[in-house]
Structure formats: C-alpha cells, structure tokens
A.B. asks: 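Structure provided below as structure tokens; questions to follow.
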4 protein chains.
Amino acid sequence: MDDDSRAVRWEQRTEFPLFLAALIYLAAYATRVLDTDLPPFWQHVCLSVMIGLWLVFAADYAVRWRLSGQGLRFVPTHVLHTVVVLLPLLRPLRIVPLYEAVQRRSGQPRLSLYARVISYAGLSTLLLGFTGALAVYEQERGAPGATMRTFGDAVWWAASTLTTVGYGDITPVTAAGRVIATGMMAGGLALLGAVTGSFSSWLMQTFTREGDERPPGR
Amino acid sequence: MDDDSRAVRWEQRTEFPLFLAALIYLAAYATRVLDTDLPPFWQHVCLSVMIGLWLVFAADYAVRWRLSGQGLRFVPTHVLHTVVVLLPLLRPLRIVPLYEAVQRRSGQPRLSLYARVISYAGLSTLLLGFTGALAVYEQERGAPGATMRTFGDAVWWAASTLTTVGYGDITPVTAAGRVIATGMMAGGLALLGAVTGSFSSWLMQTFTREGDERPPGR
Amino acid sequence: MDDDSRAVRWEQRTEFPLFLAALIYLAAYATRVLDTDLPPFWQHVCLSVMIGLWLVFAADYAVRWRLSGQGLRFVPTHVLHTVVVLLPLLRPLRIVPLYEAVQRRSGQPRLSLYARVISYAGLSTLLLGFTGALAVYEQERGAPGATMRTFGDAVWWAASTLTTVGYGDITPVTAAGRVIATGMMAGGLALLGAVTGSFSSWLMQTFTREGDERPPGR
Amino acid sequence: MDDDSRAVRWEQRTEFPLFLAALIYLAAYATRVLDTDLPPFWQHVCLSVMIGLWLVFAADYAVRWRLSGQGLRFVPTHVLHTVVVLLPLLRPLRIVPLYEAVQRRSGQPRLSLYARVISYAGLSTLLLGFTGALAVYEQERGAPGATMRTFGDAVWWAASTLTTVGYGDITPVTAAGRVIATGMMAGGLALLGAVTGSFSSWLMQTFTREGDERPPGR
C-alpha cells in the first residue's frame, strides 16, 4: 500500500472522531470559563481533557504530515489543518470538509461554490463570535475598569465587532483581550469580504446566465 | 384542474389583499408602540388585529404549502414566504414580487436584475430600520440605564447600525433589545454586500459592454 | 433649428457659468456658517446671493426640461441635474461632466470608466464631507449638550462617518443634524460600494487581460 | 549606453541598499517616539539619521527622474516612488517590487495577481498601523484630555480604525493627530476594498474555471 492511499485511509478513519473531539474540547473550554462555581476537581478535569485532546490533535497533524511525504510544503498547502492545530477552538470548522467527504462517498454531487463559501462564512462567524467572546471574557472578567461584566456583554461585543459596527459601549481593556479582539476584527473584515464577494459573484453569474438566454437581437 | 394552476390562482387572488393586511399589521404594531396614551380598549383592538392578521398569514402559508405538493422541500424553496410568516413585520417586502406580477400580467417587461436588487435592498433597509427601531424601542423604553429615550433616538440608532457606522452614543442595554439589534447588524452586513456587490457587477457589465463596442484593433 | 441642437447649445453656453455660480454659492454658505463675527449686512448679502443663485439654478433646470421635450421622463433620466437643483451645495460635482465636455470638444478621448468612477467617488466624498460638516455644524452649534463645538470637530466627525468608522466621540444631538447625518451615512455606504466595486472590477479586468495574453497551453 | 539601461542599472544597484535605509529610518523614528528616557545625545543622533536618510531618498528620486527623461510625466507614472519620498515611513512597502525583481532575475515566475494584491494589502496594513500608531501617539502623548496614554493604546486604536470597526473608546483629540487619523481611515477603506475586491474576483475566477470544466450538457 502506497503513502497516498494510507493518507486517505487515515483521513477517512479519523475525520469523524476528531470532529467529536473538537466539540468536546469546545464544551470543556466553555464550562471552565462560564461556570464560575465549578468545584476545583471538575476544573482540573476540564483542563486535563483540553490538554489531552490537544495532544491528540497534534499527533493527528504529525501523522498526516508524515504520510503526506511533502516535507515543509505541507504547511502552506494545508492551511486549515495548521490553523485548527494552533487554535483548536476553531476546529469545528472541519465540519464543512467532513460533510463534503460524506456526500462524495455517498455519490451525491459536491456543494456549489456559493454554498461552500456561505457555509464557511456563516459557521466561521458563529464559531469566531462564540469562542472569541469566551476567550475575551476570560481575560476581562475581574479586570479593573472592565466594561464587559457578563458573558452576555461579551457576546454583544463580539456581534458588534464581527459586523464592524463597533459601538464601543463595551470594549476590552486588558492587553490579552485586545490581542484576541484584533484577531476577531481581522476575521470580521474577511467575513465582510466573503459576504460581499459572494453576493457580487452571484449577481454577475445570474446576469451572465440571463444574458445568454436572451435572443441575440435584443 | 391540476394543483399547479390552483396554486397560481390562489397566489393571484390573495397577493394583493395580503399585502394590504401586512400594511395594517405594521400600522397596528406602530400604534401600540408609539402611542403611549392609547386607551386600554384600543390597545386590545391593536393586539387583536395583529393576532388575527397573523392567523390569516399562517393560513395562507399552510394553503400554499398544501397546494404546492412539495412536502418538506417547500420551506427551502420559498425562503421569503417563510421569513415573512415568522416575522410578519417584514411582510411589506412582498411588494416587489407583487409589482412584478402586476407588470407581467399587463405584458410589460420584467424589472432588470439591478432594479430588483436595488428595490429589494432599499425597501429592506427602510423596513428593517423602521420595524427594528420600533421593536428595540419597545424593549428599551423604561429600562434602567437605557440611553434610547425617544423613538427619534431609536431611528437614529437604527440608521447608524444598518450602515455599520455604529457611533455607540445610543445602544440597547436589555437582552431582548440586543438580540433584535444583532439581527439588524447581520441585515446591515447583507445590505452592504448587496450595495457593493450590485455596484461592482454593474461596473463589470458596463466595462464588458464598452469593451465589445470598441473596434477590435484597439 | 430643432429642439435637440438648441438643448445642446444651451448646455454648452451655460455649463461653465453655472459651475462658477455653484462655487460662489458654496463660498457664500461657508462664509455664513463659519464667520460668526460677520456683520448683519454681509450676512444678508450672503443669503441674497444664495437665494439669487438658487433661482438661477432652478431657471436653468426649467429651461433644460422645456428644451428636452421629454415631459415627466426628464426627471429619472437626469438624476444628477435633479439632485443638484434640490441640494445646490452638491452642484460642484458637475465638474466631472464639464471636464468631459471640454475634453470631447478638444478631440481628446473620453475618461475611462474607472477614472470617471474614481473622480466621482473622490469628489463626492470631499464635497459631501465639507458641505455635510458645514450643514451639521450649523445645526449643532450652540445646541444644549452638543459634543460638536468647533468646525474642526465637525470635519473630524464627517471623516469618521463617511468611512463608516463611526467613533462616536462626537455625534449630532439635534433632530435636523441627525437627518443630515443619516444622508451622509448612506453616502458613505455608496462610497464604500464604489471603492470596493471599482477595485474588484479592476482586478477582474486585469486578470482577464493577463489570462488572454498567456499561451493557450498553460 | 542609453538612458533606459542606465535607469535600469541605477535601480538594480540602489534598490537593496535603499530598502535597508528605509528600515533604519523606521527604527530611528520608533526609537525617538517610544524611548522616552533617551538621552539628548541619542535623540539628536536619531534625528540626524532620519534627516540624512531622507536626503538620500530625495537624491535617489531626483536621479531616477533625471534618468527617466520623462519630465513632469514621471510623477503620475511613478506613484509609489513619489508617495514613499513624501512619506518615508511607508518606504518598506518597496519590499514587494524588490522581491519581484529578485525573483525575475533568478528566472522564477512572477507572483500571481492575487498574491501581489494580498501581500501589498497585508504589508500596507501592518505598516500603516504601526507607523500611524507611532505618529498619532507622538502627537497625543501629553495632550490635555487625551485618551491615548500608552503606545499599546495607540496600536489598539489603529487596529480598530483600519478595520473600520471604530469603537471610539480611544480617539485622537489633537488637530495633528486627527489629520493623520483621517489618512488612516482612508487607508482602512482602501484596504477593505482590496480585501473584498480580491475575494470577489477570486470567487468569480474559480467559478468561471469550474464552469469551463463541466461537460456542456450540464
């Protein structure tokens, strides 16, 4: 059996369990941040689960790298894999390729380009908003002079940031919170680009199709 | 008579009365929210009108679903119908297909793609701004610490939100107001996408047409 | 001599004097708003100049309408003319068609589509920012609770509004100021659409041209 | 040897040393602004280095102008050169053409259009953010009523400005700071246009390619 088919088999077997692991990781992180009355024992459990799962993610990444036989070229050609190893909170984004793989195996046609862009943009926004609100809230909670007092405040702040509205009634004041927030602003910009770009392309395509269907004399 | 023609006949007969009903629904809601001195009797009248009209809208949706004979596939293929049943305040948006239907019957050509996108985007913005300002104002009015004190404040806030300017001098502070506001931000983003996308496509189209008209030697 | 050539002759003879009149109108308005120590006599002079020039603009519009022989169809086909009669402060925008007319007469080629879009977008932004700052400053100056105290504040507010940044450190508080501001926000959105749309189209065009120059085997 | 080849030789020999000089210029400026405990002697050294390097940049610009033999047409055809002479802090942007020149000489293919747009947009954002934060911080530091107290505040403000989020928790209050900030807002708008425009074009291109690969019957 050659390397290529082993890489494919690895992917097929691990994709689904890893996706479940990503959801568990997110749940453990959310529990640690949001449940302030959590007994120390369960706090340690959550932390251990997170560290253990991250080791699993890292091992999977190493195996894929090895099986790909690509050397250093693996990193630029597997951007999404690299991002979700460094930021495991974003790992549930892998649901889009997972869904596509399931469809391909069952012989159904691939999602259209727009459906993929919209599902990625929508899921990224929800995940970026939720995990960003969690991460910033963890930094801001209890900081002196913080305007973000509840998790609801954090979600409201995340919504106004990702849409680039930016009311400024609630803003992070800690250095760590602001670094995460800057990443979210860049994400909001990319999201805006995805939404406007998809819409523009869809319009162009619709127009071109309608143009083709018209009689030439018009 | 087959199902298809019955569905078309139903649509032709109900489209105009339902549009009038949508305007009455919006007026009843606006009266309830804005007229603070309304006697209890008229408040009950407004509420009864709203509930009655919503039942009419729901019945119309059910009849269309039945006549379409599509089963569960009806929902994804009739997005606008589904949205305006769940959020009847947005129902006046149906004026665009209504206008198109009237034009089609009188033998006039269909609106161009850009005219349709611009009329949808413009009407959506006005309606989203007006109904969103009403709905958020209803939640914020009288809330402790609210910065939104008059309906004028609410309209000003809605304008700065839908254009993604987001001054933040007036912001909702209640949970319900913030949920509605998040929906409006997403709407503002989509509007931005529609405006920039239409403009971009129009430019491309103009360029392509001008390119075709030039002599080939140039 | 037929109507068409008379309309063209009218346009050729009046275009340049009307443009000068538009600059004088703008200067008179700015003087009235900014020079707070202006003696009453000169204030009356400025106001008289503005009223007189507006009558000239209205007369020019009426003559063009008459000469066009189009009846009510004149308004939708001459959007820019109609806008600059209703809002004479925006009249200097007519410099773009004026410049094009001068170039056409001297036999030089027309500006490219991108050059026209960029010159319109850039000039509109500067004019909208300057006249909007003037108009909002006139309303806000002296209003109780106003955060906009100097004309510099008004310009800073206009810049943050037209780019949709919207800091909110300075915002209009009067009803009239907010109505003008809402118009400026819509202008900022259209500007954003023009900038992103032009850029996107330019990229597409560049790509298409590069694609054509490649050998077919690639 | 004709003018053209002398211009090319000049460019090849000076491009790399000038890029190093630009980095030294940026470092000297940052040292002057950020190191508040710098002894007067070193402050003078930094200033002298900056003036000396700027003279070098101006001399290089003059030589290129002379060698080009283009007269006044040099300025509009060398926009990037002109901008980086007037604003030497933005000079490190020249790394993109430098990198392209190195690649061309070693026979490697040119960067694709998207790679160039993305590298320009990304580098411009980082440089504009860093130098803008430095320049605004220099103006605001110590101004009465300033909300921007540390360089971290300045960077946070720059991030929220360039993404057009615009929280407004920290804003410049001095006239000089606001002029620089207005330039950064325009830069943020252009960046937004570049990001959304590239994304839109890339989508269109991907769609067109996929459309070509489909069998015609579909």
Side-chain angles (χ1 to χ4, degrees), chain C residues 114-115 117-118 121-122 124-126 128-130 133 147-171 185 187-216 218, chain D residues 76 109-114 116-118 120-121 145-148 157-209 212:
Chain C
Y114 295 111
V117 168
I118 289 168
S124 307
T125 312
L126 288 179
L128 205 64
F130 182 63
T147 49
M148 195 184 288
R149 291 201 200 86
T150 66
F151 184 61
D153 282 355
V155 171
W156 169 244
W157 165 81
S160 94
T161 298
L162 285 177
T163 53
T164 78
V165 169
Y167 289 123
D169 52 346
I170 292 169
T171 45
M185 285 183 216
L189 208 62
L191 164 72
L192 205 72
V195 170
T196 60
S198 308
F199 194 86
S200 163
S201 307
W202 173 81
L203 268 184
M204 272 301 291
Q205 179 191 344
T206 309
F207 172 78
T208 312
R209 205 188 303 120
E210 289 198 346
D212 290 351
E213 284 164 5
R214 276 188 202 154
R218 187 159 168 195
Chain D
R110 202 186 180 197
L111 281 175
S112 80
L113 183 64
Y114 295 109
R116 265 184 296 151
V117 169
I118 289 168
Y120 266 109
T147 48
M148 196 184 286
W157 165 81
S160 92
T161 298
L162 285 177
T163 53
T164 79
V165 169
Y167 289 122
D169 51 344
I170 293 168
T171 46
V173 295
T174 61
R178 285 180 173 177
V179 168
I180 303 170
T182 304
M184 285 177 71
M185 285 183 218
L189 209 62
L191 164 72
L192 204 71
V195 170
T196 60
S198 309
F199 194 85
S200 164
S201 308
W202 173 80
L203 268 183
M204 272 301 290
Q205 179 192 343
T206 308
F207 172 78
T208 313
R209 205 189 301 120
D212 290 352

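Labels below follow one simple rule: chain letters A, B, ... track the order of the sequence lines, proteins then strands, and each chain is numbered from 1.
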A.B. asks: For D:Thr174, give me all partners under side chain to side chain donor-acceptor pair (under 3.5 Å), at least two apart in sequence or on another chain.
C.D. replies: D:Glu140
A.B. asks: For D:Thr161 versus C:Val165, what's the shortest heavy-atom pair and its separation?
C.D. replies: O-CG2, 4.0 Å
A.B. asks: Between C:Ala159 and D:Thr182, which heavy-atom pair has the shortest distance, and what is it?
C.D. replies: CB-CG2, 3.9 Å
A.B. asks: I need the C:Trp156 CH2 to D:Met185 CE distance, nearest 0.5 Å.
C.D. replies: 3.5 Å
A.B. asks: Report the option among C:Leu162, C:Val155, C:Asp169, C:Thr125 that has the most heavy-atom pairs separated by less than 4.5 Å from atoms of chain D.
C.D. replies: C:Asp169
A.B. asks: Please name all residues satisfying side chain to side chain contact (heavy atoms under 4.5 Å, CB included) with D:Val179, sequence neighbours left out, ordered by chain then number.
C.D. replies: none
